[in-house]
Amino acid sequence: MADTFSPNGRPHSHGPTSKRWLPTLLAALWAICFASVFIWQSTSVRSISIFRSNSRLYQSIPRLRKNVFNLTDFGAVDDGRTINTGAFERAVHAIKARGGGQLNVPSGTWLTAPFNLTSHMTLFLAEGAVILGIEDETLWSLLPALPSYGFGREEKGPRYGSLIHGQNLKDVVITGHNGTINGQGQYWWTKYKRRALNFTRPPLVHLMWSKDIIISNITLLDSPFWTFHPYDCKNITVQNVTIIAPLIGAPNTDGIDPDSCEDMLIENCYISVGDDGIAIKSGWDQYGIAYGRPSTNILIRDVTIRSMISAGISIGSEMSGGVSNITVENARIWESRRAIRIKTSPGRGAFIHNLTYRNLTFDNCRVGVIVKTDYNEHPDDGWDRKAFPDVSNISFVGIRGWGVRVPVRIHGSEHIPIRDVEFKDFAVGLSYKKKHIFQCSFVEGRVIGEIFPKPCKNLDMYGMDGTLIKKAATENVVVDIDYDI
C-alpha cells in the first residue's frame with residue numbers, strides 16, 4: 001500500500017507496513033539521542049573540572065572612585081617575603097596627587113611595614129588579599145603620646161605607630177571582598193610578656209583627627225595591641241567586619257576602641273579577641289580631663305562578641321573626656337568573662353551619661369552586667385584625687401541570658417554613686433545558685449515589672465503601668481560583693 005498526503009501535507013498510512021517498522025525507528029532515534037546527551041555531559045564535566053583545577057574564580061573588584069590604581073603597578077610582590085612598604089607609599093602618593101582614588105590590593109600576601117593613608121581614598125582588599133605586618137619593630141615608626149593619655153599607654157615616652165595609619169583625613173574607606181589585614185601579633189605579644197619592648201605596642205589600624213570614615217567587609221587579624229582605634233574622629237561607620245585574635249595569650253587586643261569619637265555606627269560585626277570586644281574611651285585622668293573630648297552618639301547593633309579574658313562591650317576605664325548617648329542593641333555576647341562592663345575610678349572625672357542597652361543576649365557569661373568604680377589604674381601620680389566621675393541614666397531593657405554566674409553587679413561608692421539605673425524585661429538564667437546573684441552598692445534606680453533574678457533592695461519597684469509598688473529603703477544597701485569576677 002502507498003502513502004498519500006492530505007492537503008496540509010501530513011501523511012496518511014494505508015495498510016500494515018508502517019506499523020511494523022515504526023517501533024524500530026523510534027528505538028533507534030532514542031538510542032542516538034541518549035548517546036549524544038551522554039557524550040555532551042562527559043565533555044562538559046571534563047571541561048569544568050579542567051577549568052576549576054587551573055584557576056579560581058574571584059569576585060571582580062568594583063570601581064568605587066574615579067581614579068583606580070593597582071598595587072602591582074607600583075612594584076609590589078605578593079610572595080609574603082618581599083617588603084612592599086615602598087609600593088604602598090608610592091601608590092598613596094599617586095592617589096594624593098590626583099586628589100583621591102582607589103587602591104586595589106589583589107589576591108596574595110603583601111608584606112609591609114606601616115604606611116599612611118590619604119584623604120578621599122579607598123583601600124580595597126580583594127578576596128584572598130592579605131596585608132601582612134612585618135615582624136621587626138625597628139621598621140615601625142614612633143609617634144608622640146596621645147594628648148589625652150599623657151604618655152604611651154604601656155610605657156612612658158612615644159608609642160609605635162599602627163600598621164595602617166592616618167591623621168587629619170577626610171573621606172577614607174577601607175573595604176573589600178573580605179580581604180585580611182594581619183598584624184602578626186604573636187611577635188609583639190611574646191616580646192611584651194618578656195618585657196623586651198621599650199614603647200607601647202602599636203594598634204593595627206589607627207585614624208586620628210579624621211572624619212567620614214568607613215571600614216567594611218574585611219577581616220582584621222592578630223593585632224599587636226588595640227585592633228581598630230579611631231581617635232578624636234567624627235562620622236565613622238564599621239560594618240560587616242570580622243575581628244579575630246586568640247582568646248588567651250593575646251594581651252590588650254581590643255576589637256574596636258572609639259576614643260573621643262562622635263557620631264559612630266558599629267553594626268553586623270563578629271569579634272572574638274583577647275580583651276574587650278568593644279571599649280569606648282575618652283582619655284586618661286588629668287590628661288583626658290584637660291583634652292576634654294567626649295565619646296558621644298555611638299550606636300552598636302547586631303554584633304556577636306566573645307571575650308574570655310575581659311568583656312564583650314565596655315565603657316572606660318579611660319573616660320576622662322566623658323561618655324554619653326551610647327546605644328547597644330541586638331547584640332549577642334557569648335563565652336565571655338563579662339558581657340557588659342562600665343569601669344571608672346576616682347581621678348577620671350567627667351561623666352558617663354545616657355546609656356541604653358536593649359535586646360541583648362548573654363550566653364554562658366561569668367557576669368552579665370558589671371559597673372565598677374574602683375578601677376585604680378593611673379598614668380602617673382599627678383591625678384586629681386577629687387575628680388569623681390558622674391555616672392547616671394543607664395537602662396537595661398529586653399535582656400536575656402543563660403549560664404550566667406552573676407547576672408548583675410553594680411558597685412558604686414560614697415563618692416561615685418550610680419544614679420538613675422533602670423531594669424525592665426530582664427530575665428537571665430543562672431549557671432548555679434548563689435546567695436547574692438544581684439549585687440548592688442551605692443546605687444539608685446528602679447525596676448519596672450517582674451524581672452529575674454530577684455533584684456537588690458536598693459532599687460524602687462514599679463508596675464508595668466508606671467505605678468510605684470515599693471520604694472527602696474536606701475540606695476546604700478551594701479551586699480557581699482563577689483570580687484572573684
Any side-chain heavy-atom pair from [X] and [Y] closer than 4.5 angstrom?
X: Phe442; Y: Glu414; value: yes
X: Ser210; Y: Val172; value: no
X: Thr180; Y: Leu125; value: no
X: Ile243; Y: Ile256; value: yes
X: Tyr149; Y: Arg159; value: no
X: Thr109; Y: Asn182; value: no
X: Asn198; Y: Glu155; value: no
X: Val238; Y: Met264; value: yes

| All pairs passing side chain to side chain donor-acceptor pair (under 3.5 Å) where residues 247-256 contributes a residue, at least two apart | Arg201-Asn252
| Under the salt bridge (charged side-chain N to carboxylate O under 4.0 Å, His left out) rule, what pairs show up with a residue in residues 176-197, not counting sequence neighbours? |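 For residues 176-197, and leaving out neighbouring residues, the salt bridge (charged side-chain N to carboxylate O under 4.0 Å, His left out) pairs sorted by first residue read Glu137-Lys191.
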First locate atom [atom1] of [X], then atom [atom2] of [Y], and finally report the distance between them rounded to the nearest 0.5 Å.
X: Ser314; Y: Ile370; atom1: OG; atom2: CD1; value: 9.5 Å
X: Arg341; Y: Ser307; atom1: CZ; atom2: OG; value: 8.0 Å
X: Ile448; Y: Thr467; atom1: CD1; atom2: OG1; value: 11.0 Å
X: Ile280; Y: Ile298; atom1: CD1; atom2: CD1; value: 4.5 Å
X: Asp425; Y: Phe423; atom1: CG; atom2: CZ; value: 13.0 Å
X: Asn240; Y: Asn217; atom1: CG; atom2: CG; value: 5.0 Å

Pairing residues for [X] by the side chain to side chain donor-acceptor pair (under 3.5 Å) criterion, not counting sequence neighbours:
X: Asp384; value: none
X: Asn168; value: none
X: Asn393; value: Asn354
X: Thr85; value: Thr112

Please answer whether the main-chain N or O of [Y] pairs with a side-chain N or O of [X] as donor and acceptor at a distance below 3.5 Å.
X: Thr190; Y: Trp188; result: no
X: His206; Y: His229; result: yes
X: Ser336; Y: Ala311; result: no
X: Ser441; Y: His411; result: no
X: Ser345; Y: Tyr375; result: yes
X: Gln239; Y: Ser216; result: no
X: Glu318; Y: Gly283; result: no

Heavy-atom closest contact ([X] atom, [Y] atom, distance):
X: Ile248; Y: Met308; result: CD1-CE, 4.4 Å
X: Cys365; Y: Ala339; result: SG-CB, 4.2 Å
X: Ile218; Y: Asn178; result: C-OD1, 3.5 Å
X: Pro453; Y: Ile437; result: CB-CD1, 3.3 Å
X: Leu64; Y: Gln102; result: N-OE1, 2.6 Å
X: Pro203; Y: Ser223; result: C-OG, 3.9 Å

| field | Check against disulfide (SG to SG under 2.5 Å), Cys440 and Cys456 | value | CA-CA 6 Å; Cys440 300; Cys456 55; 1.9 Å; yes
| message | Please determine whether side chain to side chain contact (heavy atoms under 4.5 Å, CB included) holds for the pair Asp420 and Arg446, giving the CA-CA distance in whole Å, both sets of side-chain angles, and the decisive distance to 0.1 Å. | response | CA-CA 7 Å; Asp420 197 18; Arg446 59 197 167 274; 2.7 Å; yes
Looking at residues at least two apart in the chain, or sitting in another chain, which of them share a side-chain contact (heavy atoms from CB on, under 4.5 Å) with [X]?
X: Lys234; answer: Lys211, Glu262
X: Val371; answer: Ile342, Ile410, Ile418
X: Asp363; answer: Arg332, Trp334, Trp402
X: Ile289; answer: Ser320, Ala387

| query | Which of these, Phe396, Phe426, Phe362, sits in a ring-ring contact (aromatic ring centres under 6.0 Å, His included) with Tyr357? | reply |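 That would be Phe396.
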| query | Given the rule in the side chain to side chain contact (heavy atoms under 4.5 Å, CB included) test, do Ser162 and Val205 qualify, once you have shown the distances and angles that lead to the verdict? | reply | CA-CA 6 Å; Ser162 59; Val205 179; 5.9 Å; no
| field | Any donor-acceptor N or O pair under 3.5 Å, side chains Ser295, Ser282 | value | no
| task | Provide the full list of ring pair (Phe, Tyr, Trp, His ring centres under 6.0 Å) pairs with a residue in residues 110-130, sequence neighbours left out, each pair given once. | result |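 Every pair satisfying ring pair (Phe, Tyr, Trp, His ring centres under 6.0 Å) with a residue in residues 110-130: Phe88-Phe115, Phe124-His177.
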| query | What pairs meet the ring pair (Phe, Tyr, Trp, His ring centres under 6.0 Å) rule with one or both residues in residues 244-302, with sequence neighbours excluded? | reply | Tyr231-Tyr291
For [Y], is there an ion pair with [X] - N to carboxylate O distance below 4.0 angstrom?
X: Asp276; Y: Lys343; answer: yes
X: Glu377; Y: Arg153; answer: yes
X: Arg348; Y: Asp285; answer: yes

| task | Check step by step if side-chain hydrogen bond (donor to acceptor under 3.5 Å, both in side chains) holds for Asp380 and Gln286. | result | CA-CA 10 Å; Asp380 54 38; Gln286 71 271 27; 2.8 Å; yes
| Ring geometry between His378 and Trp383 (parallel below 30°, tilted from 30 to 60°, perpendicular above 60°) |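 Because their plane-to-plane angle is under 30°, the rings of Trp383 and His378 count as parallel.
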| message | One pair to check against side chain to side chain contact (heavy atoms under 4.5 Å, CB included): Ile399 and Val428. What are the steps and the verdict? | response | CA-CA 7 Å; Ile399 311 298; Val428 177; 4.2 Å; yes
| field | Step-by-step side chain to side chain contact (heavy atoms under 4.5 Å, CB included) determination, Leu132 to Gln184 | value | CA-CA 7 Å; Leu132 190 66; Gln184 299 209 87; 3.4 Å; yes
